[in-house]
Amino acid sequence: MPKWLQAGEAKKISPLSTQHGFCDQRKDILRLSTFNMAHGRGRSLSHFTMRRKKIEANLISTAQQIQVSPVDLLALQEAEAEMTWHKNLHQSQFLAEHAGFSQVAQGEHVRGKRYSYGTAILSKLKIVHSESHVFPRSKFTFPKGFVCAEVISHCQKHFRVISLHLDFLHEKTRQRQIHMLCQYIQKQTKLPLIIMGDFNCQYRKNGVLEKLAQELELQVWNPQEKIISFPKLGLRLDWILISKEMRFNSYELWDDLASDHLAVRAELEFIS
């Protein structure tokens, strides 16, 4: 059985380094993406019965697509940190090595004797601080959480980026999780903010996304536009929100990565 990690204060995590160096692009442009990688199973029903070689093949395919359309930051959800079935394959670090990211901040939101997983941030920019936070467990669903990292941009601007995964079953649970996230952010030193992830909900009046955007003064790209990131149900579940110090230059779906979710890819520009 999984070990339910204790919810509460954020836990500092040390980013893992890869063989790649930091990106030295000298522009105030950020290219980023959020991607629920579904434990590396691609479009298969279960990752528990898959061999490590198949998982690796899915991750390599994803890495190849990322190299074609590079990003500076990649927010992951359902990313395995360790799984005995897959010979302790660290999926986030494996993907980072093959896609050219220099650092990995991996959170553990669920941990069992034979596996652990959560959200993660892969970065080509320098991460100066990172934390993992677990939300309280809700009935009938696995714990969710987020990883938060303070990052230095190409032009030496400090900003904060969050990879977030919310509960898929209960609206009230998502509301509580967003409330906790807002409390956490409001206690931090004020920095430009990016929140990316699988919100497991769509944008609606007085809903989770609208409340989060209003509470933290975040921008959402065309919230009512029909952008389907989860084709199985025809829903837009994956989002990128940014603070007023930045603006969107582009926003698109990325349907070549191996998952039942489509990745969301955006280009941002600092304006202040």
Side-chain angles (χ1 to χ4, degrees), residues 4-18 30 32-40 71-82 90-96 99 101-111 115-137 142-153 158-168 174 177-178 180-189 191-200 212 216 218 237-243 259 261 263-264 266:
W4 307 120
L5 301 177
Q6 184 175 358
E9 294 300 318
K11 177 184 177 182
K12 183 177 179 181
I13 51 177
S14 298
L16 303 170
S17 297
T18 72
L30 283 176
L32 43 84
S33 179
T34 181
F35 178 49
N36 183 325
M37 62 186 295
H39 305 274
V71 293
D72 305 306
L73 292 164
L74 177 62
L76 297 177
Q77 301 84 47
E78 294 189 359
E80 298 283 355
E82 183 180 3
H90 195 300
Q91 294 181 0
S92 300
Q93 189 167 29
F94 185 90
L95 180 59
F101 294 94
S102 54
Q103 287 186 301
V104 178
Q106 172 74 53
E108 274 190 319
H109 307 325
V110 176
R111 184 173 65 235
Y115 64 92
S116 66
Y117 69 89
T119 59
I121 295 171
L122 278 55
S123 179
K124 294 180 180 177
L125 307 172
K126 185 174 179 58
I127 296 175
V128 296
H129 178 80
S130 55
E131 296 180 341
S132 174
H133 188 108
V134 182
F135 294 127
R137 184 194 172 200
F142 290 108
K144 303 296 184 185
F146 63 88
V147 166
C148 179
E150 183 181 336
V151 184
I152 303 177
S153 75
H158 287 241
F159 65 97
R160 185 170 287 116
V161 59
I162 287 175
S163 177
L164 173 69
H165 198 182
L166 297 181
D167 187 79
F168 78 92
R174 289 192 290 272
Q177 291 171 344
I178 285 297
M180 292 180 66
L181 174 62
C182 289
Q183 286 186 317
Y184 169 82
I185 292 297
Q186 289 162 352
K187 291 178 182 177
Q188 309 303 308
T189 305
L191 289 173
L193 176 64
I194 301 167
I195 300 178
M196 304 187 279
D198 179 358
F199 287 71
N200 272 311
L212 176 64
L216 298 179
L218 300 175
L237 303 181
D238 305 270
W239 300 79
I240 298 175
L241 288 73
I242 63 174
S243 59
S259 174
H261 283 252
V264 179

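Since the structure is predicted, the reported quantities are computational estimates derived from the model, not experimental observations.
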If the test is side chain to side chain donor-acceptor pair (under 3.5 Å), which one of K126, H129, H158 qualifies with E150?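 Single side chain to side chain donor-acceptor pair (under 3.5 Å) partner of E150 among K126, H129, H158: H158.
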Assess whether side chain to side chain contact (heavy atoms under 4.5 Å, CB included) is satisfied between L74 and I121, documenting all intermediate values. CA-CA 6 Å; L74 177 62; I121 295 171; over 6 Å; no
[X] side chain near [Y] side chain, heavy-atom distance below 4.5 Å:
X    : Y    : value
P136 : M180 : yes
H133 : C148 : no
L73  : V71  : no
H165 : K144 : yes
I162 : V147 : no
D238 : N36  : yes
F199 : L241 : yes
L76  : L122 : yes

Do any N or O atoms from the side chain of [X] and from the backbone of [Y] form a donor-acceptor pair under 3.5 angstrom?
X    : Y    : value
S243 : P192 : no
N200 : L166 : yes
S102 : S123 : yes

Please work out which of the three classes, parallel, tilted or perpendicular, describes the rings of F146 and F135, given edges at 30° and 60°.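 Because their plane-to-plane angle lies in the 30° to 60° range, the rings of F135 and F146 count as tilted.
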Set out, in order, the CA-CA distance, both residues' side-chain angles and the distance that settles side chain to side chain contact (heavy atoms under 4.5 Å, CB included) for I127 and V104, then state yes or no. CA-CA 9 Å; I127 296 175; V104 178; over 6 Å; no
Reference residue L164; test side chain to side chain contact (heavy atoms under 4.5 Å, CB included); the match among T34, L181, T119: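 Testing each of T34, L181, T119 against L164, the sole residue satisfying side chain to side chain contact (heavy atoms under 4.5 Å, CB included) is L181.
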Partners passing side-chain contact (heavy atoms from CB on, under 4.5 Å) against L216 (at least two apart in sequence or in another chain):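 Only C182, I185, Q186, L193, I195, L212, L218 meet the side-chain contact (heavy atoms from CB on, under 4.5 Å) criterion with L216.
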Please enumerate all residues that pass side-chain contact (heavy atoms from CB on, under 4.5 Å) together with Q183, with sequence neighbours excluded.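 H179.
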Can the positive tip of K124 be found less than 6.0 Å from the middle of the six-membered ring of F101, inside 45° of the ring normal?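 Satisfied, under 6.0 Å and within 45°.
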Minimum-distance pair of heavy atoms, taken over all atoms of [X] and [Y]:
X    : Y    : value
E80  : Y117 : OE1-CB, 3.6 Å
S163 : Q77  : OG-NE2, 3.3 Å
Q106 : A79  : NE2-O, 3.3 Å
V151 : L125 : CG1-CB, 3.5 Å
V264 : S33  : O-OG, 2.8 Å

Answer yes if the side chains of E108 and S132 hold a donor-acceptor pair under 3.5 Å, and no otherwise.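 No pair is found: no donor N or O on one side chain lies under 3.5 Å from an acceptor on the other.
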Under a plain distance cut-off of 3.5 Å, with no hydrogens placed, do E131 and Y184 share a side-chain donor-acceptor pair?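 E131 and Y184 do have a side-chain donor-acceptor pair below 3.5 Å.
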For side chain to side chain contact (heavy atoms under 4.5 Å, CB included), just list the numbers for M196 and L32, CA-CA rounded to whole Å, side-chain angles, deciding distance to a tenth of an Å, and then say yes or no. CA-CA 9 Å; M196 304 187 279; L32 43 84; 3.5 Å; yes
